[in-house]
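Here's the structure, in structure tokens; my notes come after.
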Number of protein chains: 2
Amino acid sequence: MEKIYTIKDIAELAGVSKGTVDRVLHNRGKVSEDALNKVNEVLDKIDYQPNLMARSLKKTQIYSICVLLPDSASDPYWQPCIDGINEAKKEFKSFNVKLEVFLFDPTSTASFVETNQSVLNTSPDAVLLVPLFHKEAIDAIETYNSKGIIASIFNNQLKSSAIKSFVGQDLFQSGRIAARLLELLLQKGTIAIVHIDEDYENAIHMQEKERGFRNYFDTLEKGKFEIKTFKVKHPQFKTTLKEYLEANPAIEGLFVTTSKAYQVAKIISKNPERKIALVGYDLLENNLEYLNNKIIDFLIHQNPKRQAYLGATNLIEHFIFEKEISAEKLLPIDIINTENAKDYIL
Amino acid sequence: MEKIYTIKDIAELAGVSKGTVDRVLHNRGKVSEDALNKVNEVLDKIDYQPNLMARSLKKTQIYSICVLLPDSASDPYWQPCIDGINEAKKEFKSFNVKLEVFLFDPTSTASFVETNQSVLNTSPDAVLLVPLFHKEAIDAIETYNSKGIIASIFNNQLKSSAIKSFVGQDLFQSGRIAARLLELLLQKGTIAIVHIDEDYENAIHMQEKERGFRNYFDTLEKGKFEIKTFKVKHPQFKTTLKEYLEANPAIEGLFVTTSKAYQVAKIISKNPERKIALVGYDLLENNLEYLNNKIIDFLIHQNPKRQAYLGATNLIEHFIFEKEISAEKLLPIDIINTENAKDYIL
DNA sequence: TGTTAAAATGTGCTCGAACACAATAAAAAT
DNA sequence: ATTTTTATTGTGTTCGAGCACATTTTAACA
């Protein structure tokens, strides 16, 4: 148990007043070289840890953090994010931080831009956002940056020097995991990657997952597996997938790169004689239902709640504990089957 | 943004002094009925949240928590626990808590008893321990309890009214997960549950895992799987398992209930013509090696680091934030394969 | 040498809760 | 009615950091 030093202790050891120590610690200047040396000598010798209670008690400034994410009314995937933010809120409610959530419509670029404008008008100290629209997100982040507002992102990776922090998963690896699972389920055969509900060109996450998935099979003994790709957007989805499967009777496995595996499961389950292995993403209620029916074999958990929570706490702790903002935090990629699913929902 | 009330605010609203408010809040008595009513009326109306910074700044009492766990020199499984404790230590170093680790020899009951005695001599405020020896653990916990020392456990479940908190996993469910994985790997056939390195009678975790494992297959269509059990303690282990497998050529899958799957993998790998599916526990380096060689198909992660961390923070937050101690915290049971293993190690 | 400006240093208050102690009011005893 | 006892209420200090302001020291100039 080492002694805990206070500013007063340091002042006494250095033979100066606590005002001077304070000036040295925050290098506010107005300190003679002589005094500076005396204080630094003491600081080198001891390990001074400022008392954070005292600091945050004194500081009256309230740090404001805005969180921008898609409205879960449009896509239930986002609900856990709000829960994660609320958890962070609760945990740090005693501190001088204000967390405010702004929702935008994930189907509308305009809504995203507008919401960013609203956030900008509150001139917060930091913004945590889901960069759903590539170009617009970059624009928004650069605007924040130019105004001295810290910008962090989560869920979707995005390369920009204006971004201070990213929380998410390694999507390439995520694709490899799906591949490994389908390998175990099938041993050999034809598998289709199914991209639904989003534009392939705009959805980097789909591309990365596909890359990882194919990469895994490329390193395997050749000839065992054949990998196809199937892309389709929502409205026409049902009939097209049905036709696609009928046209490709060799397909024994599907990898759905979005959280919409339940839609695929619905179609598969109509033809129970044809057994098709199915791996998808996210613990939506619809997905869990088909997981329990064993139509879906595995789900990969992207842990949106934890992503949001960590994104928020990373910023909060930066402000109140002066912690370094970690540039990248990759979450473990959880494999979910019928038996461990319930542990992850809460 | 609701207003944050202070004791001074309450005093003004109730028309009394802050000393009186303080006496009401901590019901230290010496308050007239009239004053009590006035203060309570205000308290009912507003949501008073004491400023924890101010409180812990004033309080000079240092809470002491002792952590008792097996020495990782005897079993590398325990190393992550120490890491978890250190993480908790670091996170709360500014607060008035002292975390002290005491190690015991997991192979020696006497060592466990002695270490508990040492802990008792420091008369801590709380103890967090791994109750490796059933009877002795109960005794120790009751002693702590009688002296007003809070006792929490992690890793191994133990039923006793003297225990304030348990952090761990649902071991029955854990067995079911292993079962589900082996079902997927084999479709049908003979599987053996392998209990090694510990006394089956004293190791409740083994029994629970076996129960869960068998329970899963009991609910399946009969006749597809046959489940056997194989128990052996360390020294004679190698030859006996080898003989057992030769005597039972039908066995196509093994479920190892301890962290020693690598020992089984070593034997299996000597005979590559015979393909045996293998599921075990814990991300020890030896296990990971065989996982990457695809001798081990899946590992189940018990997350000892997080168990220790949560056990510790649960107690810490009880002391400094007056949080309720949660009686039971069951961690998710992570499924690990070649592709997501590295995310869980850190 | 005296005066003024500038630089350096020290002092004292604040944040909110906790608690010791002083002050006041009410009740009891003379 | 006055003193003493007891019950109730209020005041003031502390914790450590941060910062405004007062004070002292040193340098610059007339």
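Convention: sequence-line order gives letters A, B, ...; per-chain numbering from 1. Bear in mind that the values here come from a model prediction, so they are computed numbers and not experimental data.
- Using a 4.0 Å cutoff to heavy atoms of chain A, the contacted part of DNA chain D runs 5' to 3' from D:dG16 to D:dC19.
- Using modelled atom types, one finds a donor on one side chain and an acceptor on the other under 3.5 Å when comparing A:E91 with A:Y309.
- In this model, no donor atom of one side chain and acceptor atom of the other lie less than 3.5 Å apart for A:D125 and A:S64.
- If you walk DNA chain C from 5' to 3' and mark each nucleotide with an atom closer than 4.0 Å to a heavy atom of chain A, the marks span C:dA8 to C:dG16.
- The nearest heavy atom of DNA chain C to B:R28 and to B:A54 marks one nucleotide each, and the one closer to the 5' end goes with B:A54.
- Among the heavy atoms of the strands lying under 4.0 Å from A:I7 are primed sugar atoms or P, OP1, OP2 only; no base atom is included.
- In summary, B:E322 and B:R55 engage in a salt bridge, as defined by a charged side-chain N under 4.0 Å from a carboxylate O.
- Within 6.0 Å of the CD atom in A:E33, the count of heavy atoms belonging to other residues, nucleotides or ligands does not exceed 12.
- B:R23 comes within 4.0 angstrom of a base, heavy atoms only.
- In this structure, a donor-acceptor pair under 3.5 Å is present between the side chains of A:E328 and A:Q157.
- At the heavy-atom level, A:D22 lies under 4.0 Å from base atoms of the strands shown.
- A salt bridge is absent between B:E12 and B:K18; no separation between the charged side-chain nitrogens and carboxylate oxygens falls under 4.0 Å.
- Ring geometry, A:F95 versus A:F321: the interplanar angle exceeds 60°, so the pair is classed perpendicular (tilted spans 30 to 60°).
- Annotation: A:E324, atom CD; neighbour count of heavy atoms from other residues, nucleotides and ligands within 6.0 Å does not exceed 12.
- The bend of the helix from C:dT1-D:dA30 to C:dT30-D:dA1, defined by the angle between the axes of its first five and last five pairs, stands at 70° to the nearest 10°.
- Using modelled atom types, one finds a donor on one side chain and an acceptor on the other under 3.5 Å when comparing B:Y344 with A:D334.
- Using a 4.0 Å heavy-atom criterion, one finds that B:K18 contacts the bases of the nucleic acid, with or without backbone contacts as well.
- Comparing B:L57 and B:G19 by the nucleotide of DNA chain D that holds the closest heavy atom to each, the one mapping nearer the 5' end is B:G19.
- A cation-pi arrangement is absent between B:K90 and B:F92, since the terminal nitrogen or guanidinium carbon is not both under 6.0 Å from the aromatic centre and inside a 45° cone about the axis.
- Distance CG/B:L52 to CG/B:L57: 12.0 Å, rounded to 0.5 Å.
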